[in-house]
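Okay, so here's the structure we're looking at.
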Number of protein chains: 2
Amino acid sequence: MSINEIAKHLNVSKSTVSLVINGKAEQGRISQALAERILTYVQEIGYKPNVFAKSLATGRSHTIGLIVENISDSFYGPIALHIEKYLRKIGYHVFYSSTLGSIELGNTIVETMLDKKVEGLIVCPTNQMETSLEAIQKQQIPLVIFDRKAGDMATNYVGTDNYGGSLLAVDHLLENGFQQIGLVTNDSTQSQMIDRLNAYTDKLSQEGFHATILRLDFQADALEKAEQIKVFLRENPQLDALYFTTNYLCIAGLKAIQALNREGSYAIISFDDHELFELLQPAISCVEQPVAQIAQEAINLLFKQKKSPDLPLQQVIIPSKLIKRKSTC
Amino acid sequence: MSINEIAKHLNVSKSTVSLVINGKAEQGRISQALAERILTYVQEIGYKPNVFAKSLATGRSHTIGLIVENISDSFYGPIALHIEKYLRKIGYHVFYSSTLGSIELGNTIVETMLDKKVEGLIVCPTNQMETSLEAIQKQQIPLVIFDRKAGDMATNYVGTDNYGGSLLAVDHLLENGFQQIGLVTNDSTQSQMIDRLNAYTDKLSQEGFHATILRLDFQADALEKAEQIKVFLRENPQLDALYFTTNYLCIAGLKAIQALNREGSYAIISFDDHELFELLQPAISCVEQPVAQIAQEAINLLFKQKKSPDLPLQQVIIPSKLIKRKSTC
DNA sequence: TAAAACTGCAAAACCGGTTTTGCAATTAGC
DNA sequence: GCTAATTGCAAAACCGGTTTTGCAGTTTTA
């Protein structure tokens, strides 16, 4: 059933029907009697306007795009949930895509999202995504970056205080008397990883302790990572504590420790919480990122920019929290 | 830049441009020389057809909808990842939505997905979703249900062999000498839960053992569930083994056990694996659902129906696998 | 009481594509 | 050498909405 057929059936013009349906009867000077007749009929047949035609005429898609590294990850999943839940309430739909850290994929994903005419994008950028992101800004499409910065581009941004959170982790280990702290991170140049790493090296050099760092291949799978961690642990028998810069690295590390039968030999702390960390023996302390808050701030920024495109770009840094799970650590 | 402007600039008609762009130059009897001239210009200016206009004209959205219970869950997340990854390759985009088990939400989500003109739907149904699902079928939109059945509706369906998988779990406990097996499930009437429960009660009654069942409020949060499990464990001190019908119930159960200081007192098995189950002490055995395979089968069924709408509806049951993680259990 | 303003709606223009039809010019067929 | 078929493209119709304009008929205003 189209608006044309409705108009024909009621012997009115389709412009009249359109105005009435969209609550613009008054502005279109349609009499109340006619408006009611139209509304009644529309209700009766359960008319739903064709979304393609509507979008074509209005230029609006009521859709936003969410680009994350991996939707099945325990950090991005809850963010995706929150975003969709909130946006649905205000009449938006969400396209999602996972870059899996691939530069190439990241760029094509941005391109196809733009082709789909999303009204806004919330993006966890891959490396070298700047050109694509600039294309978004050039098209005046609201954009919020989260989790890590996109090079040194000026964008709206939401993230946790990675440096500060990382300091909390290192301090916590030091306060509990651990001095041989190994850091396990990946080799990416992403800002959040750099920040976490820097806090560690700064603090250790400041205290006069030795920094022992393992940089894992970002693209390696979990098994390979665990293998490399095993080698690292064997080569550094002096370590009494391990700091993992993300939870999936920590999981790989725990598997490595288990494989070496060294359970309980290390004080362990991780950036990012995980559902089961509190159930492990001993439980794993961590620096927690407030996921719902990150998601909500991203939405806020996005709609702020939509409302006032000329507002200056904003950076929101959310403090992270230390969760202590053991007495010894 | 619109197709009209291109046509004007090249002094040709827009129909010619459209035919050439869509590779129908031959069928439209456009000379190769003109076709090349058009293609060159189109490339030069980087023209992208307006997706709204294209969809309006063709009736196609190249979009499918994915409705799950919770996108951030460790079962649905990987399914969402796989579906999006695969569909992107063949030029489709994916809208997602989480029902969170709410009947009301489930129905409105289906409605808005239909309004968006998705070309297909992959749905993990809530209770009482039948009317909405029938609306989908009436509109001839390809539909695949997964994880659980939608009442006794005839639909395409993909799921694991819940009864068989559940038998594997119970058998495994029995084979290892445990005879006082408690079952922790939720109170939903969803088919997959019923199947898992039935395998348990059937097997126990067949072996002449007593069934001890806790049905948790489906909507309760994790903390409440853990509390109820604590009560259950206190009231049933005879239990030597626990079978949880999903991994999140198992997690709640582990927390309850920890709170009661009864670690190691039970043989534990769970339906659905979890990233960290293998790291726990003792590690948790489970019945694993092959997530990627479920996702791929759902896609296959969807596109089969798209291709041949009159094909009979299909049910694909994928065998589940027992993962043994301890010597004692 | 004639010009001005307002009322209530239809008609038209527009959004940007796809697909069918039509028509002059050329080629083929006999 | 005249008709029929084919070529190469333009023009028109269509998808289904929104928004602006136009135009009688009525009511106000001076």
Side-chain angles (χ1 to χ4, degrees), chain A residues 1-42 45-63 91 114-119 139, chain B residues 1-42 45-63 91 112 114-119 139-140:
Chain A
M1 229 348 170
S2 77
I3 201 173
N4 280 300
E5 300 176 83
I6 294 176
K8 202 170 293 174
H9 180 266
L10 293 176
N11 264 320
V12 296
S13 88
K14 67 172 180 173
S15 57
T16 307
V17 177
S18 174
L19 288 169
V20 169
I21 285 176
N22 291 300
K24 297 178 181 171
E26 201 149 341
Q27 144 189 349
R29 292 179 315 213
I30 313 297
S31 68
Q32 224 182 337
L34 181 52
E36 271 167 26
R37 193 158 68 93
I38 291 174
L39 282 177
T40 309
Y41 183 65
V42 161
I45 63 169
Y47 165 74
K48 291 282 179 62
N50 180 300
V51 73
F52 302 143
K54 194 158 189 153
S55 286
L56 178 58
T58 60
R60 303 204 45 189
S61 66
H62 287 280
T63 296
L114 289 178
D115 290 349
K116 278 286 192 176
K117 303 268 183 201
V118 293
E119 289 186 26
Q139 291 193 35
Chain B
M1 228 346 170
S2 76
I3 201 172
N4 279 301
E5 300 176 83
I6 292 177
K8 203 171 292 173
H9 180 267
L10 293 176
N11 265 319
V12 296
S13 88
K14 67 171 179 172
S15 56
T16 306
V17 177
S18 173
L19 288 170
V20 168
I21 286 175
N22 291 301
K24 297 179 183 172
E26 200 150 341
Q27 143 188 354
R29 292 181 312 213
I30 313 296
S31 68
Q32 225 182 335
L34 180 52
E36 271 166 27
R37 192 158 68 93
I38 292 174
L39 282 177
T40 308
Y41 184 65
V42 161
I45 63 170
Y47 165 74
K48 293 282 179 63
N50 180 300
V51 72
F52 302 144
K54 193 158 190 154
S55 286
L56 178 58
T58 60
R60 303 205 45 189
S61 65
H62 287 278
T63 295
T112 61
L114 289 178
D115 289 350
K116 278 285 192 175
K117 303 268 183 201
V118 293
E119 289 185 27
Q139 292 193 34
Q140 307 263 44

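Convention: sequence-line order gives letters A, B, ...; per-chain numbering from 1.
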**Prompt:** Has Ser2(B) got a side-chain N or O lying under 4.0 Å from the OP1 or OP2 atom of dG16(C)?
**Reply:** no
**Prompt:** Between dG16(C) and Tyr47(B), is there an OP1 or OP2 to side-chain N/O distance shorter than 4.0 Å?
**Reply:**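 No, outside the criterion.
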**Message:** Taking any heavy-atom pair under 4.0 Å as a contact, classify Val51(B): base, sugar-phosphate, or nothing.
**Reply:** nothing
**Prompt:** Contact class for Gly59(A) (heavy atom, under 4.0 Å): base, sugar-phosphate, or nothing?
**Reply:** nothing
Set out, line by line, the N/O atom pairs under 3.5 Å between protein and nucleotides 19-26 of chain C.
residue : atom : partner  : partner atom : Å
dT19(C) : OP2  : Lys24(B) : NZ           : 2.7

Which whole-number value in Å describes the distance from [X] [atom1] to [N] [atom2]?
{"X": "Ile21(B)", "N": "dG17(C)", "atom1": "CD1", "atom2": "P", "result": "8 Å"}
{"X": "Glu5(B)", "N": "dC15(C)", "atom1": "CD", "atom2": "P", "result": "9 Å"}
{"X": "Asn4(B)", "N": "dC14(C)", "atom1": "CG", "atom2": "C1'", "result": "11 Å"}
{"X": "Arg60(B)", "N": "dC15(D)", "atom1": "CZ", "atom2": "C1'", "result": "16 Å"}
{"X": "Met1(B)", "N": "dG17(C)", "atom1": "CE", "atom2": "C1'", "result": "15 Å"}
{"X": "Arg37(B)", "N": "dC9(D)", "atom1": "CZ", "atom2": "P", "result": "9 Å"}
{"X": "Asn50(A)", "N": "dG16(D)", "atom1": "CG", "atom2": "C1'", "result": "6 Å"}
{"X": "Ile38(A)", "N": "dC9(C)", "atom1": "CD1", "atom2": "P", "result": "8 Å"}

**Message:** Judged by each residue's nearest nucleotide on DNA chain D, which is more toward the 5′ side, Lys54(A) or Gly28(B)?
**Reply:**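 Per heavy-atom nearest nucleotide, the more 5' residue is Gly28(B).
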**Prompt:** For DNA chain C, whose closest nucleotide is more 5', that of Pro49(B) or that of Leu34(A)?
**Reply:** Leu34(A)
Closest contact, heavy atoms only, [X] versus [Y]:
{"X": "Glu119(A)", "Y": "Arg60(A)", "result": "OE1-NH2, 2.9 Å"}
{"X": "Ala35(B)", "Y": "Ala25(B)", "result": "CB-CB, 4.3 Å"}
{"X": "Pro49(B)", "Y": "Lys54(B)", "result": "CG-NZ, 4.2 Å"}

4.5 Å side-chain heavy-atom contact, [X] and [Y]:
{"X": "Ile30(B)", "Y": "Lys24(B)", "result": "no"}
{"X": "His9(A)", "Y": "Glu5(A)", "result": "no"}
{"X": "Ile45(A)", "Y": "Ile6(A)", "result": "yes"}
{"X": "Thr63(B)", "Y": "Lys116(B)", "result": "no"}

**Any donor-acceptor N/O pair, Ser18(A) side chain to Lys14(A) backbone, under 3.5 Å** =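 Looks like no, no N/O pair under 3.5 Å.
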**Message:** Check whether Ser55(A) reaches the backbone of Phe52(B) with its side chain - one donor and one acceptor, N or O, closer than 3.5 Å.
**Reply:** no
**Message:** Rounding to 10°, can you tell me the angle the first-five-pair axis of the helix from dT1(C)-dA30(D) to dC30(C)-dG1(D) makes with its last-five-pair axis?
**Reply:**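 Comparing the first five pairs with the last five, the axes sit 50° apart.
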**Request:** Among dC9(C), dC9(D), dG16(C), find the nucleotide with the atom closest to the side chain of Ser31(A).
**Result:**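 Nearest to the side-chain atoms of Ser31(A), counting from C-beta on, is dC9(C).
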**Request:** Let me know which of Val12(A), Asn22(A), Asn4(A) forms a side-chain contact (heavy atoms from CB on, under 4.5 Å) with Val17(A).
**Result:** Val12(A)
